[in-house]
Amino acid sequence: MPDGISEGEMLSRIRQARLDKLEELRARGVEPFAYSYGVTHLATPSAAEFEALGEGRGGEIAGRWAGRMVALRSHGGSSFADLEDHTGRLQAHFRRNVLGEELYSLIPLLDLGDWIGVEGALFRTRAGEVTIGATDLALLCKSLRPLPFGKVAQDAESGAAVTHSGLSDREARYRQRYTDLAVHPERREVFRARASVVSAIRAFLDGLGYLEVETPVLQPLYGGATARPFQTHHHALDRTLYLRIADELYLKRLIVGGMHRVYEIAKDFRNEGIDRYHNPEFTMLECYQAFADYETMMGLVEQLVLEAATAAGCGEELSYQGSRIHLATPFQRISFVGSLAEAIGADPITAPLSDLRASAEALGARDLAAADRGKLLDKLFGLAVQPALLQPTFVVNYPAFLSPLAKEKRGAPGVTERFELFAAGQEIANAFSEQNDPIAQRTALEEQAALRAAGDLEAHAVDEDYLMALEYGLPPTGGVGIGIDRLVMLLTDQPSIRDVIIFPTLRSP
RNA sequence: GAGCCGGUAGCUCAGUUGGCAGAGCAACGGACUUUUAAUCCGUAGGUCCUGGGUUCGAUUCCCAGCCGGCUCACCA
């Protein structure tokens with residue numbers, strides 16, 4: 001290989017054949033890597049326009065289309081190419097006696113994957129397909145490597161669909177996302193839906209008077225969630241900084257400052273395991289509203305999920321991995337403590353730790369020797385209750401010791417004004433009436449700090465600056481965090497978080 | 001981190017009870033001016049993930065490693 005990359009002989013030969021074509025094109029005065037092309041029409045909209053015009057008037061739709069050539073069927077003096085742009089595919093028809101010998105003879109020098117521009121007018125072929133009758137052809141970019149375009153054929157005997165090629169190797173799909181996207185338009189659609197969801201959320205919150213803000217990614221102390229952080233070092237300041245695990249404490253400082261409704265949609269980073277529901281960097285929406293409580297935020301979340309579903313192109317009824325999900329509001333509510341008590345047949349708050357441990361082990365949990373009540377309840381909930389929460393469900397009444405940043409529930413000591421939203425067995429959102437009593441907050445954080453001192457790397461630190469902010473006065477505030485990746489998974493029916501994160505974290509090759 | 005499964009042509013996969021490595025699509029040459037899985041004729045293409053070991057001989061068996069998937073652990 002000229003570039004020294006060790007590759008298979010076949011790939012090398014395919015690539016060499018394309019390099020030879022490149023030389024041939026240049027010899028003919030054709031630049032294979034163009035600077036621009038004046039596109040006037042898009043594939044799918046122009047075909048729809050053609051259909052709307054009625055027969056005999058297709059020639060009125062004339063101009064220039066550009067896209068990647070994804071199929072080529074050559075018949076000697078006449079050739080058909082499938083052009084794909086971001087709206088879809090459109091066939092182009094090239095004829096020797098229309099293009100002329102010189103231009104037509106470029107067609108054998110084209111390859112699948114090349115970007116081309118086609119000038120002409122739409123017509124309908126005998127076979128009924130809307131097609132560009134090409135009067136000019138421009139090469140916009142020569143592709144040197146073969147893309148694995150798939151073909152779906154019918155097996156002659158069984159009639160079953162047989163897929164040829166395509167890119168199904170998951171590693172290749174994630175590592176070379178550009179290839180995955182290039183040959184699978186439906187995967188581009190997932191990311192388009194994701195963008196629509198995020199835009200809709202912004203529009204929804206902006207419409208409610210929320211202000212979008214940006215808070216630090218690099219933080220001297222990490223907080224707002226229980227998770228292990230990524231750690232880095234600032235050389236000039238010679239100090240350790242952490243990549244944020246949550247935005248929460250900064251956003252609430254802004255509420256102290258009088259910015260009554262704020263939100264942030266941003267990456268958080270958690271140094272934990274990777275699986276189909278977890279990526280080390282992931283996108284979180286957090287929003288905080290002054291004078292609101294968790295009940296207010298519940299209504300906000302219901303509306304927001306419906307807005308997001310609309311943006312993603314699904315209605316209130318959707319299918320996730322074969323299950324029917326109904327997004328109709330109000331979402332069901334269950335009690336954390338109550339549902340857990342029912343599931344394990346004991347009171348989660350008063351049952352001896354040994355009983356809880358035994359229940360958890362009976363459900364398959366391991367390594368529980370050091371687990372305190374909080375960890376055991378969390379584990380038990382995850383095993384015994386959560387998987388059954390298929391339909392959107394607000395879980396309320398979380399124990400206070402699991403929720404150091406939430407206010408105690410009115411009239412119910414020991415539990416907090418907190419909810420989590422679950423759907424398809426996964427946590428989607430987490431919200432509280434935010435703790436605004438600086439004394440109570442200090443007590444809760446100091447309890448966390450004690451756990452931390454005892455070796456719990458996920459426990460909160462005491463953030464003195466945050467406590468100082470609270471002493472200046474945090475008005476009653478409702479706050480919610482929503483995992484955007486998981487919401488998009490749900491709304492686009494994708495099985496893995498890696499299917500909705502465009503470049504997911506992978507081990508080094 | 002553990003268990004299971006996998007890595008063979010550019011892609012999707014089959015296969016070798018240990019003995020010259022297979023198909024479809026893609027590619028290359030040729031025919032063909034309305035095809036769309038185009039068709040027809042012909043050709044070529046391999047570090048069987050890597051490194052050790054056993055063996056006359058390893059892509060196949062054994063060990064270790066790398067990478068991935070799933071499950072579990074961890075993890076709001």
Side-chain angles (χ1 to χ4, degrees), chain A residues 6-18 20-21 70-82 89 91-99 104 108 111-113 123-129 131 133 145-156 161-175 179 183 224-228 245-246 268 270-280 282 284 364-368 374-375 378-379 381-383 386 395 398 402-403 418 420-422 426-430 457-458 481 483 486 495-496 498 506-509:
Chain A
S6 170
E7 288 176 295
E9 172 73 6
M10 192 61 215
L11 176 56
S12 163
R13 288 173 59 146
I14 292 171
R15 193 162 171 275
Q16 189 56 52
R18 293 186 176 202
D20 291 345
K21 290 177 182 175
V70 298
L72 179 64
R73 297 172 291 282
S74 186
H75 305 260
S78 165
S79 298
F80 294 88
D82 290 345
R89 290 188 177 191
Q91 179 171 262
H93 185 211
F94 304 104
R95 300 172 68 185
R96 180 179 280 138
N97 63 353
V98 173
L99 292 181
Y104 191 79
D111 288 292
L112 300 191
F123 73 106
R124 189 187 298 279
T125 63
R126 261 186 247 154
E129 179 155 350
T131 299
R145 288 176 185 262
L147 282 168
F149 293 109
K151 278 192 176 180
V152 180
Q154 268 200 329
D155 187 274
V162 181
T163 303
H164 296 294
S165 198
L167 189 66
S168 69
D169 181 79
R170 293 180 84 85
E171 179 177 5
R173 281 181 39 208
Y174 299 140
R175 269 189 212 290
T179 308
V183 303
T226 53
R228 295 177 64 178
I245 58 172
D268 288 344
R270 298 187 184 176
N271 207 338
E272 315 272 9
I274 298 176
D275 61 27
R276 52 188 284 231
Y277 301 106
H278 297 87
N279 195 65
F282 62 101
M284 179 87 97
R366 285 177 287 163
D367 302 327
L368 296 172
K375 288 232 180 297
D378 210 32
K379 174 59 63 185
F381 186 82
L383 290 169
Q386 182 177 331
V395 177
Y398 279 79
L402 271 179
S403 317
R418 172 184 182 185
E420 290 198 359
L421 173 64
F422 289 85
Q426 282 304 306
E427 180 194 343
I428 304 289
N430 180 25
L457 294 170
E458 290 147 14
R486 289 183 183 172
S496 168
R498 286 180 160 174
L506 300 172
R507 203 184 289 262
S508 296

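In the text below, chain A, chain B and the rest are named by the order of the sequence lines, each starting its count at 1.
- With sequence neighbours excluded, the residues satisfying ring-ring contact (aromatic ring centres under 6.0 Å, His included) with A/Phe422 are A/Phe381.
- For A/His93, the ring-ring contact (aromatic ring centres under 6.0 Å, His included) partners two or more places apart in sequence, or in a different chain, are A/Phe80.
- The distance from atom CZ of A/Arg170 to atom C1' of B/rG7 is 16 Å, rounded to the nearest whole Å.
- Summarising the geometry, the separation between CD on A/Glu171 and P on B/rC70 is reported as 12 Å, rounded to the nearest angstrom.
- Atom pair A/Arg124:CZ and B/rU35:C1' shows a separation of 16 Å (rounding to whole Å applied).
- Considering all non-hydrogen atoms of both residues, A/Arg175 and A/Leu506 come closest at CG-CD1, 3.3 Å.
- In this structure, A/Asn97 reaches the bases: a heavy-atom distance under 4.0 Å links it to at least one base atom across the strands shown.
- As judged by a 4.0 angstrom heavy-atom cut-off over every strand, A/Tyr174 is placed among residues touching the sugar-phosphate backbone only.
- Contact between A/Leu167 and A/Ala172 at its shortest, heavy atoms only, is CD1-CB, 4.0 Å.
- Contact annotation for A/Arg418: base contact, defined as any heavy-atom pair under 4.0 Å involving a base atom.
- As a whole-Å value, the separation of A/Asp111 CG from B/rC28 P is 6 Å.
- Judged by distance alone, with hydrogens and angles left aside, A/Arg96 brings no side-chain donor or acceptor close enough to the base of B/rU33 to form a pair under 3.5 Å.
- Spacing between B/rA44 and B/rG22 at atom P, rounded to whole Å, works out to 14 Å.
- Nucleotides B/rU17 and B/rA58 are separated by 14 Å at their C1' atoms, to the nearest Å.
- Across all strands, A/Arg228 comes closer than 4.0 Å to no nucleic acid atom at all (heavy-atom distances).
- Counting to the nearest Å, the C1' atom of B/rG68 and the CZ atom of A/Arg173 are 12 Å from each other.
- In the interface, the side chain of A/Thr125 is paired with the base of B/rU35 through a donor and an acceptor atom under 3.5 Å apart.
- Residue-level contact check: A/Asp275 touches the bases, meaning some heavy atom is under 4.0 Å from a base atom.
- The nearest whole Å value for the distance from the CZ atom in A/Phe94 to the P atom in B/rU35 is 17 Å.
- Residue-level contact check: A/Arg126 touches the bases, meaning some heavy atom is under 4.0 Å from a base atom.
- The OG1 atom of A/Thr179 sits 11.0 Å away from the CG atom of A/Asp169 when rounded to the nearest 0.5 Å.
- Nucleotides B/rG24 and B/rG1 place their C1' atoms 41 Å apart, quoted to the nearest Å.
- For the P atom pair drawn from B/rC62 and B/rU55, the interatomic distance equals 16 Å after rounding to whole Å.
- Taking atom CZ on A/Phe149 and atom P on B/rG10, their separation rounds to 17 Å, with Å as the unit.
- Counting any heavy atom pair closer than 4.0 Å across all strands shown, A/Ala127 reaches a base atom.
- Taking the P atom of each, B/rA37 and B/rA31 are spaced 25 Å apart, rounded to whole Å.
- Side-chain atoms of A/Glu129 and base atoms of B/rU34 include no donor and acceptor less than 3.5 Å apart.
- At a threshold of 4.0 Å, the pair A/Glu420-A/Arg418 counts as salt-bridged, since one of the basic side-chain nitrogens sits closer than that to a carboxylate oxygen.
- Rounded to an integer number of Å, the gap from CD1 of A/Ile274 to C1' of B/rG1 is 13 Å.
- Here A/Arg507 does not reach the OP1 or OP2 of B/rC66: none of its side-chain N or O atoms lies under 4.0 Å away.
- Nucleic acid contact class of A/Ser79 (heavy atoms, under 4.0 Å, all strands): none.
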